[in-house]
Amino acid sequence: MPELPEVECIRQAIEPHLLGQRVQAATLLRSDICTRSTPRVAYPKALLEGGVITGTLRHGKQVALVADDGRTLCVHLGMSGQMLINPPATLSHVHALWTIGHPPIRLVFRDPRRFGGLWTFQSPDDLRRDRWSALGPDALTIETAALRDALATTSRPIKAALLDQALIAGVGNIYADEALFRARISPFHPGHSLAPDQLAALAESIRGVLAAAITARGSTLRDYRNADGSRGQAATLHHVYARRGLPCTRCGQPLAGALVAQRSTVWCLGCQLR
DNA sequence: CCTTAATCCTGGAAGC
DNA sequence: TGCTTCCAGGATTAAG
């Protein structure tokens, strides 16, 4: 669900509540959101119970909490995952919760569709080596050269390549379409044959679109909420996503729609010619 | 290599 | 109103 901007907003929102605070208790309410963890460390210790949180990390769409003894908890929100601070006690689909600091605050992992999950590691280096090494460079700071390298060997449509987290980490269906519109590139252009000016424009567009979405506190379409339960405003910035058939904000002609890599894709036939 | 389809789930919206 | 169908921000797997 949440793409890079939404995950970064959550990281920024929860971090001040956690830094320097001790995890008084951690509770796993649904063990199957954790069964894919790499090392089988006993719960709730693996969920940082007893540790003091010293930092947060993010790579692409994944976020992690780090404790003072190195224990590291990676959170992937999937399609409908949320991390919430002090939510209502009646909230449904809560799969894990933490009581942190004093006076204690309650941190909750909620995920109705359960495509997300938690992964536990002994150290941040273990997380990077065993899990994040499968991801490409982070999209928020992607440079032209890194984008070129990531796309060099794929003939797939650029839209499909942007969705592949092993090539670039953090771009999902919304921001792939928005970045391609901003760079005026057709979603069908083969990844490895983008011209140098297109690579530069696309790298700039990816960074710009993601940064703007973070400033607007993320795109709330239906499910996404910030850590305090509020909605993001980034959907008002969308030029193409979910606007099939509506006039292009640049040239006015109706936006086209198609399925690319099984994902709904919207673009402008007039502005995104090559 | 690439693409497509199926799969994991829930729930809101649209259609009848 | 009620029932059915479709669709969704993600990601992996198998098959062609």
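The chains referred to below are lettered A, B, ... by the order of the sequence lines, with proteins before strands, and numbering in each begins at 1.
One can place CZ of A/F188 at 16 Å from P of B/dC2, the figure rounded to the nearest angstrom. C/dG9 atom P lies 9 Å from atom CG of A/D177, rounded to whole Å. For the pair A/D111 CG and B/dC9 P, the computed distance is 12 Å after rounding to whole Å. Distance A/L221 CG to C/dA8 P: 11 Å, rounded to the nearest Å. As a whole-Å value, the separation of A/R225 CZ from C/dG9 P is 16 Å. As rounded to whole Å, 17 Å separates atom P of C/dG9 from atom CD1 of A/I10. Between the CG atom of A/L162 and the P atom of C/dG9 there is a distance of 15 Å, given to the nearest Å. In this structure, A/R113 places its CZ atom 10 Å from P of C/dA8, rounding to the nearest Å.
Nucleic acid contact class of A/P157 (heavy atoms, under 4.0 Å, all strands): sugar-phosphate only. Among the atoms of the strands shown, only primed sugar atoms or phosphate atoms (P, OP1, OP2) are found under 4.0 Å from some heavy atom of A/R156. Residue contacts for A/S219: at a heavy-atom cut-off of 4.0 Å it reaches a base atom on one of the strands shown. Across all strands, A/Y241 comes closer than 4.0 Å only to sugar-phosphate atoms, never to a base (heavy-atom distances).
Contact between the side-chain N/O atoms of A/S264 and the OP1/OP2 oxygens of C/dA8 is found at a separation under 4.0 Å. Phosphate proximity of C/dG10 to A/R263: present, with a side-chain N or O under 4.0 Å from OP1 or OP2. Using a 4.0 Å cut-off, no side-chain N or O of A/H76 falls inside it from OP1 or OP2 of C/dG10. A close approach under 4.0 Å does occur between a side-chain nitrogen or oxygen of A/H93 and OP1 or OP2 of B/dG11. Dashed line: the shortest gap from a side-chain N or O of A/T154 to OP1 or OP2 of B/dC1 is not under 4.0 Å. Proximity of A/Q165 to the phosphate of C/dA11: a side-chain N or O atom is located under 4.0 Å from OP1 or OP2.
A side-chain donor-acceptor contact under 3.5 Å links A/W98 to the backbone of A/L47. Side-chain N or O atoms of A/S205 include one that pairs as donor or acceptor with a backbone N or O of A/A201 at under 3.5 Å.
When each of A/S92 and A/S155 is assigned the nucleotide of DNA chain B with its nearest heavy atom, A/S155 is the one assigned upstream, toward the 5' end. Toward the 5' end of DNA chain B, the nearer of the two residues A/R30 and A/Q262, judged by each one's closest nucleotide, is A/Q262.
Enclosure of atom CZ in A/R243 by more than 12 non-hydrogen atoms of other residues, nucleotides or ligands within 6.0 angstrom is indicated.
For the atom pair A/L18 CG and A/I100 CD1, the distance stands at 5.0 Å (nearest 0.5 Å).
Straight-line distance between the P atoms of C/dC7 and B/dA5: roughly 13 Å, to the nearest whole Å. B/dG11 and C/dT12: their C1' atoms are spaced 23 Å apart (whole Å). Distance check on atom P: B/dA14 versus C/dG9 gives 16 Å, rounded to whole Å.
Between A/H238 and A/Y175, the two ring planes are perpendicular [angle over 60°; tilted spans 30° to 60°].
Using a 5.5 Å limit on the distance between ring centres and a 30° limit on the angle between planes, the aromatic ring of A/F115 does not count as stacked on the six-membered base ring of B/dC9.
When distances are taken from the side chain of A/K61 to each of B/dG11, C/dG10, C/dA8, the shortest belongs to C/dG10.
When both pairing distances are held under 3.5 Å, B/dA13 makes a Watson-Crick or G-U pair with C/dT5.
A salt bridge is defined here as a Lys NZ or Arg NE, NH1 or NH2 lying under 4.0 Å from an Asp or Glu carboxylate O, and A/R114 with A/D111 fails to meet this definition.
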